[in-house]
Number of protein chains: 2
Amino acid sequence: MLKTKKEIILETALHLFADKGYEATPTSLIAKAAGVSEGLIFKHYVSKGNLLEAIVKAGYRRATDKSKSLIEEKDPAKFISNMLDMPLKLVEDERSFWRMQFRLVDEEIAQKHHLRFSHSVKQKLVAAFAQLGYEEPEMETEVLMLLVEGLWKAYLTSADKPHFVKMLDLSKKKYIGELIDNR
Amino acid sequence: MLKTKKEIILETALHLFADKGYEATPTSLIAKAAGVSEGLIFKHYVSKGNLLEAIVKAGYRRATDKSKSLIEEKDPAKFISNMLDMPLKLVEDERSFWRMQFRLVDEEIAQKHHLRFSHSVKQKLVAAFAQLGYEEPEMETEVLMLLVEGLWKAYLTSADKPHFVKMLDLSKKKYIGELIDNR
DNA sequence: GTCTATATGTTGATAGAC
DNA sequence: GTCTATCAACATATAGAC
């Protein structure tokens with residue numbers, strides 16, 4: 001199926017935002033790279049901020065779809081392990097999106113979606129730790145989330161998958177080693 | 001001692017950069033907030049990027065001084081514990097600086113100093129883990145650094161010190177629990 | 001849907017007087 | 001050292017023709 005110019009604009013902007021940053025990417029450059037006129041961007045997306053929002057929204061929709069199987073896991077130990085696997089699974093095929101996303105420290109739109117996404121995970125994580133009898137499930141969750149986010153960014157910049165998998169394995173051993181040794 | 005206008009400009013810019021971000025803070029606003037003319041900023045600092053560099057440089061000089069005692073620790077177990085304590089120790093009194101710093105994802109100047117700083121720590125961390133007989137000291141270091149950076153950012157945004165200290169304690173237990181139980 | 005102008009506003013930076 | 005005045009460059013966004 002052919003891509004509409006609207007879609008081309010979106011994808012081109014995503015890659016440019018990921019590479020150069022949102023603020024540092026003028027709409028004129030997006031237009032040139034996408035092979036369309038600058039005016040067309042505004043016809044389709046009204047404003048630059050709106051274009052960004054469309055990109056972020058679409059990205060998180062894909063992420064939600066892709067992570068569904070990991071999140072629906074009922075066994076608490078496996079669920080925790082799944083959370084550590086999320087970076088690896090989600091970044092695959094979506095490197096540009098996540099590079100862009102983790103750069104958008106100043107844009108509240110990006111922050112909003114990130115919070116919503118991680119919040120939904122957090123709830124289940126606390127429940128999982130509680131179910132396993134941990135003394136401070138909330139604390140455990142917060143520290144684990146810190147590590148997951150760190151792994152996420154690490155995998156984004158490393159691009160060395162085997163090396164990253166070693167980091168991931170060590171993390172699992174440290175955090176839930178006793179739980180997954182026999183999985 | 002009186003502050004020179006040059007110093008006032010530097011400090012004002014630091015706080016504005018921390019609050020609104022570097023790109024989003026025009027020199028006109030810095031001038032207004034500092035109570036000086038816009039031209040004076042350029043007389044003293046030549047360019048906006050130069051002003052940022054001066055701020056970053058000064059901040060890391062203070063950080064290096066303050067972390068000296070933590071870094072010079074010779075006992076490997078205590079040294080590792082010290083690294084986990086760094087966020088708490090360094091962020092104190094320097095909240096604005098570190099908030100600004102962790103926002104500067106797009107500015108290479110900031111990245112450069114951050115890398116240099118963490119690299120110097122990394123070397124010693126690998127040595128410490130090796131000295132303690134860990135199988136993969138490099139991996140241990142990388143994962144620990146991930147967590148330290150996470151704690152750093154967490155403490156910056158939480159502002160709830162007791163809560164953060166609980167996270168810190170749990171982290172220590174997970175990472176070096178067997179080593180520091182009796183310290 | 002798409003393009004070619006063009007309007008409008010900001011920003012970083014400079015020149016010159018005091 | 002400091003201020004006032006000013007500029008060129010650039011960015012987002014709009015209007016109107018095809």
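Sequence lines set the chain letters: A, B, ... in the order given, protein chains first and strands last, and positions in each chain run from 1. In this text, all values refer to a predicted model and were calculated from it rather than measured experimentally.
Test B/Lys66, B/Lys161, B/Arg62 against B/Glu92 for salt bridge (charged side-chain N to carboxylate O under 4.0 Å, His left out) and you get one pass: B/Lys161.
Under a cut-off of 6.0 angstrom, the local environment of NZ in A/Lys153 is crowded, with over 12 non-hydrogen atoms contributed by other residues, nucleotides or ligands.
Within 4.0 Å of A/Ser47, counting heavy atoms only, lie sugar-phosphate atoms of the nucleic acid but no base atom. A/Lys6 comes within 4.0 angstrom of nothing in the nucleic acid, heavy atoms only.
If you check C/dT2, D/dA11, D/dC3 against the side chain of A/Ser37, the one that comes closest is C/dT2.
Looking at A/Glu73, its side chain does come within 3.5 Å of a backbone N or O of A/Asp75 through a donor-acceptor pair. Put simply, the side chain of A/Lys5 never gets that close to the backbone of A/Leu40: no donor and acceptor are under 3.5 Å apart.
Taking atom CZ of residue B/Phe42 and atom C1' of nucleotide D/dT4, one finds them 15 Å apart after rounding to whole Å. If you measure from atom CG of A/Asn50 to atom C1' of D/dA11, you get 17 Å, rounded to the nearest angstrom.
If A/Thr27 and B/Thr4 are placed on DNA chain D by their nearest nucleotide, the residue sitting closer to the 5' end is B/Thr4. Nucleotides of DNA chain C nearest to B/Thr25 and A/His44 differ in position, and the one nearer the 5' end is that of A/His44.
Here A/Lys43 does not reach the OP1 or OP2 of C/dG1: none of its side-chain N or O atoms lies under 4.0 Å away. Residue B/Lys5 places at least one side-chain N or O under 4.0 Å from the OP1 or OP2 atom of D/dC3.
Rounded to 10 degrees, the angle separating the terminal helix axes of the helix from C/dG1-D/dC18 to C/dC18-D/dG1, each built from five base pairs, is 0°.
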Determine, step by step, whether B/Leu84 and B/Ser81 satisfy the side chain to side chain contact (heavy atoms under 4.5 Å, CB included) criterion, reporting the C-alpha distance in whole Å, the side-chain angles of both residues, the deciding distance to 0.1 Å, and the verdict. CA-CA 5 Å; B/Leu84 280 160; B/Ser81 174; 5.7 Å; no
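Annotation: B/Trp98 is not in aromatic contact with B/Phe17 [ring centroid separation under 6.0 Å not met].
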